[in-house]
Structure formats: C-alpha cells, structure tokens
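What follows is a short report on a single structure.
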There are 2 protein chains.
Amino acid sequence: MSQHRHPGVPGRAGAVPALPDLPEATVARLPEYLRALHNLADTGYETVSSEGLSAAAGVNSAKLRKDLSHLGSYGTRGVGYDVALLIEQIENVLGLTQRRAVALVGVGNLGHALAGYDGFAGRGFRIAALLDADPSRVGEEINGLVVRHVDDLPTVAAEESLAIGVIATPAAAAQQVADQLVAVGVTSILNFAPCVLSVPEGVDVRKVDLAIELQILSFHEHRKASLTALPATGGSALTALPGGFAATDTQEAIGT
Amino acid sequence: MSQHRHPGVPGRAGAVPALPDLPEATVARLPEYLRALHNLADTGYETVSSEGLSAAAGVNSAKLRKDLSHLGSYGTRGVGYDVALLIEQIENVLGLTQRRAVALVGVGNLGHALAGYDGFAGRGFRIAALLDADPSRVGEEINGLVVRHVDDLPTVAAEESLAIGVIATPAAAAQQVADQLVAVGVTSILNFAPCVLSVPEGVDVRKVDLAIELQILSFHEHRKASLTALPATGGSALTALPGGFAATDTQEAIGT
DNA sequence: AGGCGCTTGTGAAGACGTGCACAAATCGCG
DNA sequence: CGCGATTTGTGCACGTCTTCACAAGCGCCT
C-alpha cells in the first residue's frame with residue numbers, strides 16, 4: 001500500500017469527486033457501520049445519533065464520529081445522522097454502487113459454502129464464475145452456476161470484467177491461481193488458502209484464515225488460564241463482572 | 001484488553017512462566033510465522049535468518065525480529081534462528097501445547113465446510129462437538145461426528161472442557177448462541193455470523209466476515225479505478241511494476 | 001589468536017490510531 | 001425571539017505500531 005498523498009497537491013483538485021483518502025482503519029469499519037445502518041433502516045429509523053449507531057456497530061462513539069467526519073459532514077448537530085443519506089454516502093465511498101463481479105476459484109468444501117453464501121448478492125457482489133482445476137468437478141452445477149475449468153479464466157474475463165477473485169483452493173495451488181487471476185487483470189484478491197501470496201504492486205490481497213484466528217484465541221485463552229492460576233498478585237486482572245454486558249471489539253480485524 | 005504490567009513488580013516474579021504480555025499486533029502475526037516455520041522444517045531447514053523467515057511470512061524483517069525479541073532471545077547472531085526451537089517457543093506462547101476442544105454451532109452451508117476443514121486437527125485443535133438448533137439436522141453425521149441439539153450444550157460442556165466456541169449460524173441466532181456458550185463457561189468465541197455480539201468482560205470474540213472483506217476490497221478497487229481515470233496529476237500512484245513480485249501484507253487483519 | 005563478515009536485538013523517531021473533552025451548531029419550546 | 005438541551009465535529013494528548021539504523025555478538029577462516 002504505498003500510497004502517498006502530497007499535502008498541498010495543486011492542480012485542479014476539487015474537480016475530482018473528492019477521493020477522500022480515508023485511513024485504513026476507518027475503511028475497515030465502514031462496512032460494519034453500513035450493516036448497522038441497514039438494520040436500523042429496516043426497523044424504521046430515519047435518523048440515528050452517533051451514540052446509537054456506535055452501539056449497534058460495537059465501537060466507541062467518538063471513533064464513529066471521527067470516522068464519519070472523514071467522509072464529510074453528513075450529520076446534523078443536535079439531531080444525528082440521516083440513516084438513508086448515510087447509507088448512500090458509505091456505499092458511494094466503498095464503491096458499492098456498481099455490482100462487482102467475483103470469480104470464485106476452488107469449489108471444494110469451503111468453495112461450496114461460499115458459493116451458497118447469500119452475503120454476496122445481498123451486498124453489491126455477484127458471483128460471475130465458479131472455477132476449479134479438478135476436471136471431475138468441472139460441469140457440476142452449484143446454485144445455478146456451472147463450474148468451469150480454471151484455465152478458462154481468460155475466456156471468463158473476456159466475457160465480463162472481473163473485479164475480485166476469491167481463492168478457496170488448497171494452499172499448494174493458491175499461488176498459481178493468484179498468478180492466473182493477476183494475468184487476466186484482477187487487482188483484488190481474497191485469499192482463504194493458508195499461505196502467503198506474492199503479487200505485483202497495485203494488487204490488493206486480503207487473507208482470511210481460520211487456523212490463525214483460532215490460534216490467536218488460543219493465546220488469550222492460555223493467558224487467561226495462567227492468570228487465574230496465579231495468586232492475586234498485584235492488579236485485579238479479572239475484576240468482578242459489571243452488571244451489564246458490553247459489546248467488545250477485540251481490536252480490528254481482520255485485518256486486519 | 002486491560003492488562004497492565006508493573007515494571008518492577010516484586011514478589012517471586014520469575015517463578016511464573018514468564019507470561020510475556022505480547023503486543024496484540026505481534027500475537028496476530030505469530031501464527032503466520034509458525035506456519036512458515038513448519039514449512040521450512042518440512043523442507044529440511046534447520047536454521048533460518050530473519051530475512052528468510054520474514055520473506056516466507058510476508059512481513060518486514062525488522063518487524064519479525066522485534067516480534068521474536070518479545071518472546072526472548074532465541075536467535076544466534078551471525079547464524080539465525082533454530083527452526084525447531086522457534087516452533088517450540090511459539091507454540092508454547094500461543095498455548096498450542098494442549099489440544100483445545102472446539103464446539104462448532106451451526107452446521108449449515110458454512111458449518112459443514114468448517115467441520116470438514118483439516119486445519120483444525122492439523123494445528124492443535126479438535127472439534128469436540130457439532131451443534132445445531134434445527135431438529136431436522138440433529139443426528140446427522142458429519143466427518144465422524146454426530147450433530148447434537150444446541151440445547152445439549154451443558155451436557156457437552158460437562159463431558160469435556162470446551163475452550164473455544166465457533167458460531168456459524170445465521171445472524172439472527174448468533175447472539176442467543178453466544179449467550180449459551182458463555183453460560184457453559186466458554187471464554188473465547190469465533191463468530192462467522194454477520195452481526196455484533198455482546199459478551200461479558202473477560203470473553204474474547206473474534207469475527208470473520210466475508211462481506212466485510214469484500215467491501216474493503218471494493219473500496220480499494222474503486223479508488224484504483226478513480227486514480228487511473230485521472231490524468232497523471234502529481235505523484236506516480238501506479239508506478240511501473242518492479243522487476244520481481246513482492247509479497248504484500250495488506251495488514252492483517254484479521255485484523256484485520 | 002585475531003580479524004572479518006554476517007545476523008540478531010534494540011534505541012529512537014516517526015506514522016498511525018484512539019479517546020477525551022469541549023466548542024460550534026441545530027432544534028424545540030416557552 | 002431567546003434559551004437550554006442535545007449532538008456533531010475536532011483539537012489535543014496519549015498509546016501503539018512500524019521502520020530505520022546500528023552496536024553487540026557469533027562463527028568461520030586464515
């Protein structure tokens with residue numbers, strides 16, 4: 001992500017559609033806000049305060065206000081934010097106005113699950129193609145889509161403009177698939193394979209790894225166990241539970 | 001995580017097994033190092049330099065050294081790190097020496113895939129139970145395990161000590177399941193449902209959300225498109241590709 | 001034994017993210 | 001019309017994370 005921005009870049013800045021250059025941490029939270037906003041809209045809310053929205057999204061209210069302030073001033077002091085307007089603005093910034101075509105490579109265990117996931121269509125994405133390297137899987141129909149061979153990628157890419165590639169193959173195949181995706185012009189990859197991908201500059205890769213998440217949890221579990229096993233030396237680590245439950249954030253995410 | 005550490009806490013410090021109190025960012029990267037180390041070990045490496053390991057894990061070498069220095073000094077200057085020793089130390093810190101029991105709730109599309117995922121057994125975890133609220137799913141056998149009703153959780157927890165709960169239910173059911181998990185003593189939850197969970201203090205929640213990852217990628221895609229549509233005003237955003245490919249990190253995230 | 005090249009471990013500086021606390025702005029009511 | 005209640009937007013301070021650059025340490029070769 002070597003994206004610099006010169007403080008006072010001259011030229012006709014302002015003619016451009018804003019291009020807000022948001023902090024990465026903010027970008028990572030916007031989808032969460034968006035989901036909370038959709039929930040609120042479905043429940044009939046027309047406006048919402050930063051306090052209310054932040055609670056629904058599980059973050060600090062000051063953080064939420066600062067995040068939203070980066071998109072511009074879409075709130076009204078003393079009132080709150082217009083739900084519909086804010087949804088529109090966030091979708092705008094995230095580029096969800098156009099339905100992006102996703103190519104899913106690897107229709108094994110996980111691939112099947114992803115192909116059946118309705119979160120794709122629900123939020124601005126459309127599975128454009130299912131691909132696999134295993135000839136015995138080619139031709140299979142999943143959720144109305146026929147699995148094609150991964151070597152057909154160029155053909156698929158020619159048929160429609162692929163925006164995002166999802167890799168759900170075994171680790172051994174992932175790098176080769178990534179290369180093929182990059183070769184047909186894909187510049188964003190979501191990698192479910194447990195391995196590091198090498199891609200040229202300008203291509204974004206995000207990784208989702210179940211084992212890593214479990215191991216991080218394991219660490220905290222381990223630490224909690226060590227603490228309770230200890231006599232109460234010093235600070236009250238595990239203080240009495242407060243009356244109400246509080247939404248935790250447990251740092252980002254994924255994220256990284 | 002409200003974990004303080006008094007600089008010079010007296011008492012019999014040192015009797016305790018170190019309890020390193022690692023930075024969260026470091027913890028999130030350790031599993032990646034661990035995987036890279038296992039790969040190296042399988043390939044016959046006995047030692048590895050920070051440069052080599054960092055390349056395999058897709059991070060900066062200085063970052064890797066600082067991360068490892070938090071665990072103690074397990075490297076040899078002029079030589080590198082002993083692969084086997086480092087694996088042992090990291091597994092130690094992450095608490096992977098004991099095989100932790102995982103309860104998986106929700107055996108729908110995604111739950112099936114997770115139940116069949118071999119990354120569990122591979123790295124210190126064991127699926128102890130499959131649970132679902134749908135009576136028509138109860139009794140089904142997946143991968144050698146029989147699906148039980150989620151209300152049997154207390155019984156399951158009594159049979160063996162559950163360390164981690166994985167929620168793969170629809171969003172509407174997730175909070176209730178989380179409450180049930182917490183009620184039987186689970187203090188670490190991995191949530192695949194697209195919603196925010198409220199849990200008492202002391203319970204860790206990590207979230208994995210496909211739609212969020214896609215939307216983050218969408219943002220970058222959107223931004224790249226805006227940039228290339230622009231004339232070359234100012235900085236060379238998309239510079240010429242360098243000769244070789246470089247491993248990107250794109251933060252974690254999982255977190256990220 | 002001594003010197004040389006390589007690699008770790010870390011101090012320091014800077015970038016980034018977070019949260020408090022408050023001024024500015026808006027609405028509703030008397 | 002003015003006032004108070006409410007809520008946004010943000011300046012500031014603080015903590016965390018990253019990166020550079022280099023001293024300290026280790027092994028090998030002569």
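- The nearest whole Å value for the distance from the CG atom in B:Leu64 to the C1' atom in C:dT7 is 12 Å.
- Inter-residue side-chain proximity for B:Arg206 and B:Leu190 is flagged as met; some heavy-atom pair is nearer than 4.5 Å.
- Looking only at side-chain heavy atoms (C-beta outward), B:Gln215 and A:Leu30 stay at 4.5 Å or farther from each other.
- Side chain of A:Glu51 to main chain of A:Ser61: no donor-acceptor pair is present (N/O by atom type, distance under 3.5 Å, no hydrogens or angles).
- Separating the CG atom of B:Asp82 from the P atom of D:dC26 is a distance of 15 Å, rounded to the nearest angstrom.
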For residues 85-94 of chain B, dump all side-chain donor-acceptor pairs below 3.5 Å to protein atoms at least two apart in sequence or in another chain.
from    : atom 1 : to      : atom 2 : distance (Å)
B:Gln89 : OE1    : B:Tyr74 : OH     : 3.1
B:Glu91 : OE2    : B:His38 : NE2    : 3.2

Using a 4.0 Å cut-off on protein heavy atoms (strictly under), produce a 5'-to-3' string for nucleotides 8-18 of chain C with B for base contact, S for backbone-only sugar-phosphate contact, and - for none.
-> BBBBB----SS

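- Atom OG of residue B:Ser188 and atom CZ of residue A:Phe219 lie 11.5 Å apart, to the nearest 0.5 angstrom.
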